[in-house]
Each structure stands twice: as structure tokens, then as C-alpha cells.
Amino acid sequence: MGAELGKYKSVVSARSTDKELLKHAQDGGIVTSLFAYALEEGIIDGAIVAASKEFAAKNPSKVMLDNSNFDMIEPWRPIPAIVNTKAELLAAAGTKYNISPNVALLKEATRAFGLDKIGIVGTPCQMQAVRKAQLYPIGFRDVGASIALAVGIFCMENFPYQSILQLVEDHAAMKLESVKKMEIGKGKFWVYGKRGQVVQLPLKVTHKYEQPGCHVCLDYVANLGDISTGSVGSPDGWSTVFVRSKIGDSVWAKAMAAGVFETQPIEKVKPGLELVTKLANEKITKNKATLEARKTFGVGKALRNPYI
Ligand code: SF4
């Protein structure tokens with residue numbers, strides 16, 4: 001496969017062997033299981049994750065917010081939180097399709113939260129921020145060496161909160177409070193209600209609501225994570241997992257030996273890497289064109305290109 005999937009040591013289709021955990025997970029429960037295992041084994045002493053309003057209200061010491069403001073937080077707005085136990089990880093599981101500034105907690109994790117070995121989950125752009133903070137630690141003194149496990153999730157695009165509100169409440173005609181799960185897959189945006197209703201929106205409806213900054217993003221499968229994972233390529237209930245760095249390889253091998261995951265060779269599952277590669281290529285090609293267009297956007301002037 002080409003550069004669109006980044007560098008990796010191995011790739012499999014996997015899911016957690018913890019049946020209870022799978023009930024809370026978006027797909028194969030990879031991020032939750034991996035962090036739960038890493039916490040138990042002392043590989044990390046805390047993980048930065050995207051939690052919910054309910055989690056923040058119950059665990060005010062785990063988030064960086066003014067405690068009096070919890071009533072102001074809307075449903076499905078992710079709140080970066082530091083979790084230290086499996087129960088807390090479970091309470092924070094599931095994808096929230098809008099921006100969660102997880103990297104904003106990175107420095108504080110090593111300061112007020114006192115972590116020495118941080119786990120962090122995030123989108124490909126957040127993995128880039130983590131690596132940049134390690135290599136060019138402007139404002140991140142002593143943080144880089146504390147990052148013990150960075151797990152990236154595949155990302156085609158993200159949405160501002162206002163967009164999710166409009167997509168769910170206007171287009172799907174559901175109240176955000178009554179939504180159980182959201183999912184982008186099979187060319188549709190799916191909204192699952194708590195009472196069993198399912199609404200699907202074609203992606204052509206969602207495009208205009210995308211975060212504009214995502215249109216210059218050239219990474220689909222979190223190339224810079226120690227491990228990266230997402231649903232695309234694997235059957236429902238399973239996840240595709242790329243094991244990338246030495247750290248990722250060592251943690252994954254130990255977790256496998258401890259029976260945390262069951263796996264299938266990616267070549268044996270449908271749709272497999274072919275679809276992952278196709279989508280990665282589509283994203284990169286489209287966004288490269290946006291970058292190209294920025295060169296001649298102004299009259300005799302280019303818009304800034306962050307890659308040069
Ligand atoms: S598309 Fe890129 S920039 Fe947008 S959230 Fe995903 S990884 Fe970040």
C-alpha cells in the first residue's frame with residue numbers, strides 16, 4: 001500500500017474480548033480496552049479522552065472547567081477529561097462528532113494532574129499536535145517525555161458543535177438529548193435515538209456543515225499515532241488497527257498476550273484495506289486541491305500554506 005496509510009508495523013481487524021465493554025464502545029472498543037489495559041499495567045497513569053457533560057458533572061476534578069458551568073454544557077459536546085480508571089474510561093466511550101480540544105489538557109496533565117505517563121486519544125491533527133509538542137516544545141516544557149501512548153482515530157472530517165446541533169435537530173428532527181449514538185458509515189450520517197429510532201442523512205447534506213479547517217488536512221488514518229484505529233475496513237463491531245511505533249508495537253503485543261483483543265488478519269475481512277486506502281486517497285486528493293487553490297485565492301496573493 002502507498003503513503004496514504006502512513007508507516008506501520010502491522011495492521012489487523014480487532015475487537016475487545018470484554019463483552020461488557022463492547023456494549024459501550026463505538027466499534028471494537030479498541031481505545032477503551034487499550035487504555036484500560038495500559039492503566040492496569042502501569043504503562044500510563046492517566047488518559048486524556050473526550051468525555052460528556054454527564055461525566056464532567058459527576059467528576060468535576062477530572063476536567064478543566066469552572067465547576068459552576070456544567071448546566072451550560074450541551075449534550076453531545078465533548079469535554080476533554082483525564083481518566084484514571086476503567087469505569088471512567090467506560091463512562092467516556094463513544095464517538096462525539098464535534099471538536100474536542102484534547103491537546104488543551106496535555107500540559108496541565110503533567111502539572112495540576114501530576115501525570116508522568118500520559119495516554120492521549122485524538123484525531124490525526126491532534127496526533128500531529130502531540131508530535132509537534134514533543135519535537136518543538138514551545139510552551140510544552142517537560143511535556144514530551146511524559147507522553148506514553150498516543151492513540152489516533154481515523155478522521156475524514158469534523159464538525160463544529162453548531163453543525164451537529166443543526167444536523168440532528170433540523171435535518172434528523174431529533175432532540176440531541178434523546179440521541180444514543182451517532183455514526184458516519186456506508187456513505188451516511190446515522191443518528192440513533194434512545195427509543196430505537198434511526199435516521200440516516202446522506203453525506204451530501206452534511207458537507208456544508210464541516211469544519212473548514214478540515215479541508216486542508218492530509219491525514220486520514222492518524223499516521224502519527226503509536227497505534228491508530230477506526231471502523232473503516234472492518235466488519236460492524238470490529239475495528240481496523242494500525243500498529244505503528246515501537247511503543248505501540250510493545251503495548252499491542254503485551255495486550256494481545258494478555259488476551260485483551262481478538263483479531264483477524266485484515267486480508268481476510270471485507271472490505272479490508274482496499275476501502276481504507278480508497279478513502280484515504282480521496283481525502284488527500286481533495287484536500288491537496290484545496291491547498292492548491294489557496295495559492296491563487298487572493299488577487300496576486302496566496303493564502304498561507306501551513307505545510308511549507
Ligand atoms: S479532518 Fe483533519 S483537521 Fe479535521 S478533525 Fe479530522 S484530523 Fe483534524
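Both ligands and their constituent atoms are indexed starting at 1 by order of listing. Throughout, numbering of the chain's residues begins at 1 and tracks the sequence.
- Salt bridge D226/R131: present, at least one basic N to carboxylate O contact under 4.0 Å.
- Contact annotation for M156 and ligand 1: only backbone heavy atoms (N, CA, C, O) come within less than 4.0 Å of the ligand.
- Ion pairing of E108 with R111 is absent here, as no side-chain N (NZ or NE/NH1/NH2) approaches a carboxylate O to less than 4.0 Å.
- A cation-pi arrangement is absent between R294 and F297, since the terminal nitrogen or guanidinium carbon is not both under 6.0 Å from the aromatic centre and inside a 45° cone about the axis.
- Given atom 1 (S) of ligand 1, the protein heavy atom at minimum distance is K283 NZ, 3.3 Å.
- Protein N, O or S atom count below 2.8 Å of atom 2 (Fe) of ligand 1: the structure gives 1.
- Taking E267 as the reference, nothing meets the salt bridge (Lys or Arg N to Asp or Glu O under 4.0 Å) condition, with sequence neighbours excluded.
- A cation-pi arrangement, defined by a distance under 6.0 Å to the six-membered ring centre and an angle within 45 degrees of its axis, is absent between R244 and Y8.
- Taking 4.0 Å as the cut-off between side-chain N and carboxylate O, E41 and K254 do not count as a salt-bridged pair.
- Counted by atom type alone, Q126 and T123 present one or more donor-acceptor pairs between their side chains at under 3.5 Å.
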